[in-house]
S.K.: 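Quick one: this structure, given as structure tokens, is what I'll be asking you about.
Just so it is clear, the structure is predicted and the values come from calculations on it, not from any experiment. Every chain is numbered from 1, with letters handed out A, B, ... down the list of sequences.
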There are 2 protein chains.
Amino acid sequence: MKEKATSFDIAHAAGVSQSTVSRALSNSPLVNQETRERIQRIAKELNYKVDKNASNLRKQRSNTIALLLFEDPTSDDSMINPFFLSMLGSITRACASAGYDLLVSFQNMNDDWHAEYEDSNKADGIILLGYGDYTEYKDKIDMLEEQGTHFVRWGAHDAEHPGVSIGCDNFQGGYDIVSHLIAKGNRSFVFIGEAGNQAPEFQARYFGYLKALKEQGLSQHTLGQYDAISTEGAGYDATEQMLNEITLSSRPDAIVCASDLIALGVMQKLADAGVNVPDDIVVVGYDNIPVAAYSTPSLTTVKQNTKLAGELLVSTLLDAIANKPVEDYLMPAELVVRQSCGSNK
Amino acid sequence: MKEKATSFDIAHAAGVSQSTVSRALSNSPLVNQETRERIQRIAKELNYKVDKNASNLRKQRSNTIALLLFEDPTSDDSMINPFFLSMLGSITRACASAGYDLLVSFQNMNDDWHAEYEDSNKADGIILLGYGDYTEYKDKIDMLEEQGTHFVRWGAHDAEHPGVSIGCDNFQGGYDIVSHLIAKGNRSFVFIGEAGNQAPEFQARYFGYLKALKEQGLSQHTLGQYDAISTEGAGYDATEQMLNEITLSSRPDAIVCASDLIALGVMQKLADAGVNVPDDIVVVGYDNIPVAAYSTPSLTTVKQNTKLAGELLVSTLLDAIANKPVEDYLMPAELVVRQSCGSNK
DNA sequence: CTGAAAGCGCTTACAG
DNA sequence: CTGAAAGCGCTTACAG
């Protein structure tokens with residue numbers, strides 16, 4: 001293993017002072033162009049790279065962003081919800097473009113986010129990525145704010161939570177998909193998914209659902225809401241419960257699910273129970289995860305633009321770090337119509 | 001925003017020297033227990049955390065691992081192959097358990113991996129995750145080795161590539177799945193996927209495929225191999241080409257795909273062409289990505305244990321960093337039988 | 001345009 | 001068990 005070169009080695013080889021080397025390598029205009037080029041060439045030859053620890057220590061910033069993922073129960077080994085997995089790629093890309101490194105970590109594993117990342121100078125800012133359920137983390141988020149940490153949260157604006165948020169319009173998404181179902185002739189509905197304020201994103205989807213029904217004078221046709229966290233298993237179980245509680249003759253025309261994962265479980269249970277989707281009951285999801293296009297029937301859902309989301313999350317955080325004014329952003333939701341809602345029902 | 005506390009502030013508050021604070025916080029046995037507890041309490045009160053940059057600079061190590069992802073063309077926005085996405089979760093988890101941070105980055109975006117990470121002291125070691133196609137990166141990997149960088153590669157052992165590798169037995173996987181198809185009565189085959197040495201993992205699967213055929217005296221029943229990179233689109237196109245080249249009467253009993261993504265495209269094209277899977281032609285994939293369980297028909301495939309893979313990748317790298325002896329590891333592949341290979345054909 | 005010097009916040013021999 | 005001191009490798013006023 002070669003000894004690592006330092007800026008002093010470069011200085012020695014180039015016959016200049018170490019200060020000049022530092023300036024040359026940071027492309028300071030203060031240094032003579034010819035000298036700078038020579039230094040840069042020598043640095044390259046000696047395979048020299050600026051030591052980030054030293055540089056960060058001196059500059060008091062790290063050029064690194066920390067991504068805190070909230071752990072989810074999943075069916076595979078990743079323990080990351082597929083929706084967030086696709087955001088991860090986009091965030092990684094956006095960081096790279098901005099010249100920032102990305103530190104990835106599961107949220108649940110450590111106690112004090114601010115301390116862990118920004119205080120210890122490992123990151124200049126933090127991105128919080130979870131299924132909107134920040135309620136139990138409220139104290140931590142408050143502390144983040146109180147400590148002046150730079151952070152951005154994925155989710156809707158929420159008066160209770162300080163800090164900037166980037167999110168997708170869950171209310172509109174829920175409204176749009178149900179309006180579509182009503183337009184297609186469906187008249188009675190069930191919502192599967194948590195709808196309390198411990199799951200604000202799901203709740204917003206549910207409220208959108210309720211509004212669409214109300215607008216069409218169908219409020220009395222809601223056959224209820226069944227809790228389910230965002231897994232296939234929870235969707236399956238909730239459907240089982242529903243089938244037990246609702247008599248065959250009064251079954252809903254459509255089941256609106258708070259997420260695709262839930263919808264997948266719902267369709268599984270319906271298939272097991274011999275109920276045809278979409279002929280007997282229509283099912284729709286939310287998120288447009290990759291699997292949604294491949295399920296049988298393929299799943300009508302609402303797409304959240306993960307690419308844009310990742311970019312906005314990063315750019316907003318960088319603005320916050322630079323002390324520029326930042327504001328919440330709510331991306332529009334986009335309806336994706338597939339087979340599970342029937343074609344001409 | 002509060003001023004950040006330093007070890008001197010703690011020292012002042014505790015009435016001891018800064019050295020003692022440092023020792024107390026690193027749980028050094030050299031410091032009096034009572035003193036240590038007092039210092040730790042004060043540190044907590046003042047919300048003090050050790051500055052990682054300073055600490056790393058002094059210790060010359062970062063307690064961070066860099067993950068270099070090879071960018072893939074994908075159908076969604078993540079630009080990460082779903083198979084790697086699930087490994088990502090497992091790697092993140094394994095790092096967290098080991099007390100290491102994980103720096104994630106796309107490989108293609110920078111030139112000199114070693115310099116970028118280990119030389120600049122941002123990471124103690126590197127995990128390389130790509131679809132086995134390290135051929136074009138050979139020079140870089142050689143340089144990594146030459147420079148004494150600690151790194152682990154995902155993929156099979158390869159005499160041409162130095163360094164440790166953790167991989168799954170692609171040869172066995174290919175052999176097992178084809179043997180299963182033969183046992184089920186299939187007699188003629190097509191392989192879809194690159195099989196050259198620029199794609200060593202696919203190639204190993206292909207060799208396993210060939211061996212299984214040969215063993216059963218079916219070598220002459222291979223109706224060819226069609227190149228395809230690991231995307232649905234490539235699988236679709238290759239199938240189109242195959243259908244054009246092979247007359248209806250001599251179509252294969254089974255199509256063996258180098259990856260699930262390819263198989264998904266193959267099944268799509270077959271469906272478009274009115275060919276029934278599995279009744280007319282059997283299709284199998286490789287990887288067991290989440291979608292495989294949901295396609296119609298669900299996909300028979302080979303599972304690589306991503307959870308174990310992530311853990312091995314991390315533990316092996318940590319051993320390498322600690323200068324412990326490390327060796328390649330080849331995990332067994334596991335056949336996952338679903339509908340796409342027919343039940344009793 | 002360049003150099004000498006200070007200092008970022010730690011850890012760890014060294015001396016007691 | 002504790003403290004004074006050196007030094008990790010940089011960046012950046014300061015002086016010229």
Side-chain angles (χ1 to χ4, degrees), chain A residues 2-40 42-43 46-64 115-124, chain B residues 2-40 42-43 46-64 115-124:
Chain A
K2 294 181 189 165
E3 267 311 294
K4 211 172 58 179
T6 73
S7 53
F8 283 93
D9 300 327
I10 311 297
H12 183 75
V16 295
S17 75
Q18 183 265 340
S19 329
T20 302
V21 170
S22 177
R23 289 194 193 95
L25 294 176
S26 60
N27 278 313
S28 160
L30 284 173
V31 64
N32 179 294
Q33 186 182 332
E34 197 190 325
T35 315
R36 174 172 47 199
E37 282 166 6
R38 185 160 46 89
I39 292 174
Q40 290 181 344
I42 292 174
L46 296 184
N47 226 302
Y48 169 79
K49 287 283 166 175
V50 169
D51 183 301
K52 283 295 169 195
N53 291 132
S55 159
N56 292 342
L57 172 58
R58 178 56 229 247
K59 290 196 293 194
Q60 293 296 317
R61 52 202 301 276
S62 62
N63 256 271
T64 299
E116 276 300 320
Y117 293 97
E118 203 170 311
D119 256 0
S120 65
N121 266 335
K122 284 196 285 196
D124 298 329
Chain B
K2 293 180 189 166
E3 268 311 294
K4 209 172 59 177
T6 73
S7 53
F8 283 93
D9 299 329
I10 310 298
H12 183 77
V16 296
S17 74
Q18 182 265 337
S19 330
T20 301
V21 170
S22 178
R23 289 195 194 94
L25 294 176
S26 59
N27 278 313
S28 161
L30 284 173
V31 64
N32 178 295
Q33 186 181 333
E34 195 189 328
T35 316
R36 175 172 47 201
E37 282 166 5
R38 185 161 45 90
I39 292 174
Q40 290 181 344
I42 292 173
L46 296 183
N47 226 301
Y48 169 78
K49 285 284 164 176
V50 170
D51 182 301
K52 283 294 169 196
N53 291 132
S55 160
N56 292 341
L57 172 59
R58 178 57 228 248
K59 291 197 291 194
Q60 293 297 319
R61 50 203 303 279
S62 61
N63 256 272
T64 299
E116 277 299 322
Y117 292 97
E118 203 169 311
D119 256 1
S120 64
N121 267 334
K122 283 196 285 197
D124 298 330

S.K.: Report which part of the nucleic acid T6(B) touches: base, sugar-phosphate, or nothing (heavy-atom distance under 4.0 Å, all strands).
M.R.: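 If one applies the 4.0 Å heavy-atom cut-off, T6(B) turns out to touch the sugar-phosphate alone, with no base involved.
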S.K.: Using every non-hydrogen atom in the two residues, find where P29(A) and R36(A) come nearest and quote the distance to one decimal.
M.R.: CA-NH1, 4.2 Å
S.K.: Check whether any side-chain N or O of S7(B) sits under 4.0 Å from OP1 or OP2 of dC10(C), and answer yes or no.
M.R.: yes
S.K.: Quick one: is dG9(C) close enough that its OP1 or OP2 comes under 4.0 Å of any side-chain N or O from S22(B)?
M.R.: no
S.K.: Specify the separation, in whole Å, of atom CG of N56(B) and atom C1' of dC10(D).
M.R.: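 Taking CG of N56(B) and C1' of dC10(D), I get 14 Å after rounding.
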S.K.: Do the side-chain N and O atoms of Q60(B) and N53(A) include a donor-acceptor pair separated by under 3.5 angstrom?
M.R.: no
S.K.: Would you mind reading off the distance between R61(B) atom CZ and dC8(D) atom C1', rounded to a whole angstrom?
M.R.: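 Rounding to the nearest Å, CZ of R61(B) and C1' of dC8(D) are 15 Å apart.
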S.K.: Pick from V31(A), V21(A), I42(A): which one makes a side chain to side chain contact (heavy atoms under 4.5 Å, CB included) with V16(A)?
M.R.: V21(A)
S.K.: CG of L25(A) versus P of dT12(D): gap in Å, rounded?
M.R.: 13 Å
S.K.: Could you report the tightest heavy-atom contact between I39(A) and A14(A), atom names first, then the distance?
M.R.: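 Scanning both residues completely, I find the closest heavy atoms to be CG1-CB, 4.1 Å.
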S.K.: Determine whether N56(B) and R61(B) satisfy the following criterion, side chain to side chain contact (heavy atoms under 4.5 Å, CB included), listing intermediate values before the conclusion.
M.R.: CA-CA 5 Å; N56(B) 292 341; R61(B) 50 203 303 279; 5.8 Å; no
S.K.: Starting at NZ of K59(B) and ending at P of dC8(C), how long is that distance when rounded to a whole Å?
M.R.: 20 Å
S.K.: If you round to the nearest 0.5 Å, how far is OG1 of T6(B) from CD of Q18(B)?
M.R.: 7.5 Å
S.K.: dG3(D) C1' sits how many Å from L30(B) CG, rounded?
M.R.: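 After rounding, the gap between these two atoms is 13 Å.
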S.K.: Assign each of S17(B) and L57(B) to its nearest nucleotide of DNA chain D by heavy atoms, then name whichever residue's nucleotide is nearer the 5' end.
M.R.: S17(B)
S.K.: So what does S26(A) touch, heavy atoms closer than 4.0 Å: a base, only the sugar-phosphate, or nothing?
M.R.: nothing
S.K.: Between Q60(B) and P29(B), who's closer to the 5' end of DNA chain D by nearest nucleotide?
M.R.: P29(B)
S.K.: Once you apply the 3.5 Å cut-off to both distances, tell me the Watson-Crick or G-U wobble partner of dA13(C), or none.
M.R.: none
S.K.: Can you tell me the pairing partner of dA4(C) across any strand shown, Watson-Crick or G-U wobble, with both distances under 3.5 angstrom?
M.R.: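 The base-pairing partner of dA4(C), which may sit in any strand shown, does not exist here.
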S.K.: Distance check, C1' atoms only: dT12(D) and dG16(D), in whole angstrom units.
M.R.: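 Comparing C1' positions in dT12(D) and dG16(D) gives a spacing of 16 Å.
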S.K.: Using only heavy-atom distances, decide whether a donor-acceptor pair under 3.5 angstrom links the side-chain of R58(B) to the base of dG9(D).
M.R.: no
S.K.: Would you mind classifying the nucleic acid contact of S19(B) as base, sugar-phosphate or nothing, using non-hydrogen atoms under 4.0 angstrom?
M.R.: base
S.K.: Rounded to whole angstrom units, what separation is found between the CG atom of N27(A) and the P atom of dC10(D)?
M.R.: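 After rounding, the reported distance stands at 16 Å.
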S.K.: Given dC10(C), dG3(D), dT2(C), which nucleotide is nearest the side-chain atoms of T35(A)?
M.R.: dT2(C)
S.K.: How long is the line joining CD of Q18(A) and C1' of dG7(D), in whole Å?
M.R.: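 Result: 14 Å.
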S.K.: Under 4.0 Å between a side-chain N/O of S55(A) and OP1 or OP2 of dC10(D), yes or no?
M.R.: no
S.K.: Rounded to whole angstrom units, what separation is found between the CD1 atom of I39(B) and the C1' atom of dC1(D)?
M.R.: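 Rounding to the nearest Å, CD1 of I39(B) and C1' of dC1(D) are 11 Å apart.
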